[in-house]
Number of protein chains: 2
Amino acid sequence: MTQTISRRHLLAAGAASAVAGAAGTASAAQGKPKFDKIVDIIVVGSGFAGLAAALEARLGGAEVMLLEKMPAFGGNSAINGGAFSVAGSPLQKKFGIKDSPEQMLADMIRSGRGLSHVDLLKMVVNGSLPAYEFTLRHGVKYKDFVQHFGGHSVPRTLQTVESTGGGITRPLTESCRKHGVDLHLRAKMEDFVRDESGRVIGLVVRERYLFPNEKSGVLQTYGARRGVIMATGGFSRNIWFRKQQDPNLDERLDSTNHPGATGEGMLKMFAIGGAPVQVDQIQLGPWSSPDERGFGLVSQFNTIAGFPMGIMVDVRTGKRFCNELADRKERTDAILGQMENGKPVYPVCFTDSKGVAKAQTLKNGLKYGVIKQFNTIAELARAYGIPVKGLEEQVARWNQMVRSKKDTDYHRALDLAIVLDKPPFYAARVWPKVHYCMGGVGITPRAEVYDVMGRVIPGLYACGEVTGGTHGASRLGGCAIADGLVMGRVAADNCLKNKPVTL
Amino acid sequence: MTQTISRRHLLAAGAASAVAGAAGTASAAQGKPKFDKIVDIIVVGSGFAGLAAALEARLGGAEVMLLEKMPAFGGNSAINGGAFSVAGSPLQKKFGIKDSPEQMLADMIRSGRGLSHVDLLKMVVNGSLPAYEFTLRHGVKYKDFVQHFGGHSVPRTLQTVESTGGGITRPLTESCRKHGVDLHLRAKMEDFVRDESGRVIGLVVRERYLFPNEKSGVLQTYGARRGVIMATGGFSRNIWFRKQQDPNLDERLDSTNHPGATGEGMLKMFAIGGAPVQVDQIQLGPWSSPDERGFGLVSQFNTIAGFPMGIMVDVRTGKRFCNELADRKERTDAILGQMENGKPVYPVCFTDSKGVAKAQTLKNGLKYGVIKQFNTIAELARAYGIPVKGLEEQVARWNQMVRSKKDTDYHRALDLAIVLDKPPFYAARVWPKVHYCMGGVGITPRAEVYDVMGRVIPGLYACGEVTGGTHGASRLGGCAIADGLVMGRVAADNCLKNKPVTL
């Protein structure tokens, strides 16, 4: 029952068993010490945070390995809407919009409802402009306008020309490749390898992994002289875990996320003692559609056109029922209140032909029938069973408020609002979906991972959606890209400074 | 750098290091396998949950060891108010109060604001009457009345004759001693010992521990053939960790809890992979006083007299500002809204001479000046700088509403309310304190601990405040005793059924 084993690997195995709850996955680490490959820094995850970290670390002179468990790079970031909130961008200046990191900070604190970790938020807002410039250097292109997203006090949200996050993840992946980051697809992090001091010195990795087959592929052990950076994203698609945090987020609720957003990276950090922070703060996207799966086409239509350029109404009355530019939590709570006998009564969001000018998903939305076109307000009302008179009165009232520049009903900022008077009108049904995990593992402003006792776990960094505290109770739109890119770079910069261990 | 070590102890050490983040505390477990003592079941913590678990397990025939890190048994339960909510108690029947587990469940679900794990709540409400009978068998005595606590739809809260939780923890400790539970004071659980399958088979324990000196005492290793039951309570006194969950709960906010409520038991479960559940759901007690430290004398005065028999007013106007019998979260939020330029404006809660009949802490409260006595409402108003006319009008309005049995201002249930007309009047200032952690480690309805992947950690059980999910966003008053006693017994019953391992 006894065997010879190095003390160093003792700890790797222990960490593994804590996650597994059984000896199953620990075998690779329980053997003799043997790294199949050793680099300076291993980054796990290839979304905004992971790509920014890998690139920043590589440009800082480190040997970098980047692991992505799915068969394509980009993670959930690749299917995100490509909206990036930046404080004080050149585009804001061009359009005469005054903004500052302090103002963006104040907006994010308000949205966080008192739960935000302000030290982390400050890093994000101060780093947003440098991160934007970083993306320009790596070939990202933005449209020539600035959007006003819900909860922001001014227009500050830029938009990739592709209108998706892929407009950022693809050039960053290319840049990683060009600069010599060791890129691994279908490589799933299984366990941490830690030395006897508790420092993270590597990972057990399942190469040739075929999501979601947990037995696929082969185990390899990789060493990281300077540290491991976890950028593994949220757990919106982990139904068991999200139900533990909020029993309402059950099987009946869809998610905007890609299927790989299952959160094991975060869970494995918890299981080696990483501090859980605000894990039950889970954001639902208020702009998605019950008529299609996942993020779909309507989410972007509503974000760019329906909400800022149109209005959303209760189909039972034709009346508005909230500020369509409130932050996500306020809108989601308002929409989820549209129930009758425990069943959703899907609201309808619509704008006119002027309002859809920038809505890139309009064409496909119409093609797949999730966005509909109408020649008159009455026609629109009848199609959704809305009282015609109620809706016509609401539109007249809205147009009057836009002209007088004052929303006396819901106090919405009207700087971008338009009168709805140019047919055709375009409409979509709305129902929230699980979108973003504000909670995660606790980190310092240097992206070091806190353990449950408030100490830093040596050699371990985390950034992006896998971390908790930054956004408190509700993240503002466009701030996931800001958070991921900024904190990915911060994690890399600090990991680079970490004294290397000899492996 | 290699050494001979049993594979079994490999995992114990790994678990230890994950908590420590360094090799410091793991030394005892890293040596040769050697248990200083082996029993069937080890219970950690001696509050309601731990004592109920130890006693239930012992009466079920197990050899039981109970560990308490502090120099006295009872934990935070000993200084709790001694209020026990029971669905369908004989005392309710005696006073003609209709109640059922279903009705108590509905009240608790409402208070939980959609976050409650209903499967756990059902265990608690269904077990409340048997748990009450269990306490009677072990010598606990209750007063001959039933209280109506905030958020409950009917009076269902019993009160120990001592008016503290010590009225329960003392007799249960005595009963443990009498029945042969191996009781250890100043014995702090340091680490889990796990076998190669991941099963918890024992603990590394710091005996002769002197709180809060983490280097005091000596390490011992104890085996548990059937399992370990964690009943280690909440983390209200762990300021670093509670600030991670809610930055508002900083050093400036007092706690009603005893100094030992630092949550290491929960944190150590997280660090071996126990699932964190709703950890940022932290309850503030709305009835405590800014004029004394900790739970103090005013908390019970307000619970038994000030709130149910009196009213609470804004000192700037003399007007009520909330339902004094709303659940704790609603009252706390209302009180914390009494701010001016970021500084608290302490409200005042008061009743008359009839209202204080059952307030056992009145005498000492007056002696220490945290409760004050006044001959007239005007005198009371002047003492706190309240506008006299405003307060007199409020009292007249209140008395009128009590007579007409309808609170048209805040819809409070008036079944126990009294007109305030018999001087002297008794008053105290009010400000919330950190009181209870709804969140904690995830468990099944059998009190088995979930790991982060949704599997049960073999040999590990948890009960009481250390667990998460039962109470969702807000626990109702009197339900901590119900939860602790019921789930302590449930944990013991299931641990007893666990197939023993040979150690």
Side-chain angles (χ1 to χ4, degrees), chain A residues 1-8 10-23 30 33 114-118 194 196-198 240-241 244-248 264 266-268 270-281 439 442 450-458 468-469 472, chain B residues 1-8 10-23 30 33 114-118 194 196-198 240-241 244-248 264 266-268 270-281 439 442 450-458 468-469 472:
Chain A
M1 202 57 186
T2 58
Q3 65 174 76
T4 302
I5 188 162
S6 89
R7 290 188 68 213
R8 171 179 297 164
L10 192 78
L11 298 165
S17 79
V19 178
Q30 276 184 13
L115 293 187
S116 312
H117 289 210
V118 176
R194 303 174 74 187
E196 60 199 15
S197 76
W240 180 81
F241 193 74
Q244 285 290 312
Q245 307 309 322
D246 184 344
N248 301 301
E264 305 94 336
M266 177 189 76
L267 299 174
K268 281 173 197 294
F270 292 163
I272 64 162
V277 172
Q278 301 174 353
V279 181
D280 61 351
Q281 302 295 333
Y450 276 126
D451 78 6
V452 290
M453 307 305 282
R455 295 167 303 209
V456 158
I457 299 177
Chain B
M1 203 55 186
T2 59
Q3 64 172 77
T4 301
I5 188 162
S6 91
R7 290 188 68 212
R8 171 179 296 164
L10 192 79
L11 299 165
S17 79
V19 178
Q30 275 183 13
L115 293 187
S116 312
H117 290 209
V118 176
R194 303 173 75 186
E196 59 199 17
S197 76
W240 181 81
F241 193 74
Q244 285 290 314
Q245 307 310 322
D246 184 345
N248 302 299
E264 303 95 336
M266 177 188 75
L267 299 174
K268 281 173 198 292
F270 291 163
I272 63 162
V277 172
Q278 301 174 351
V279 181
D280 61 351
Q281 301 295 334
Y450 276 126
D451 77 7
V452 291
M453 307 305 283
R455 295 166 301 210
V456 158
I457 299 178

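Please read these numbers as outputs of a predicted model, since none were measured by experiment. Residue numbers start from 1 in every chain, and the chains themselves are labelled A, B, ... in the order their sequence lines are given, proteins ahead of strands.
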Are the side chain of B:His117 and the backbone of A:Pro247 linked by a donor-acceptor contact shorter than 3.5 Å? no
Would you confirm whether B:Gln245, through its side chain, and A:Pro276, through its main-chain N or O, come within 3.5 Å as a donor-acceptor pair? yes
How close do B:Trp240 and A:Ala275 get, heavy atom to heavy atom, and via which atoms? CH2-CB, 4.1 Å
For B:Gln278 versus A:Asp246, what's the shortest heavy-atom pair and its separation? NE2-N, 4.3 Å
Test of understanding: with ring-ring contact (aromatic ring centres under 6.0 Å, His included), list the residues that count as partners of B:Phe270, not counting sequence neighbours. none
List in chain and number order the residues that pass ring-ring contact (aromatic ring centres under 6.0 Å, His included) with A:Phe241, two or more places apart in sequence or in another chain; answer none if no residue qualifies. A:Phe235
Side chain proximity check, B:Asp280 to A:Val279, heavy atoms < 4.5 angstrom: no
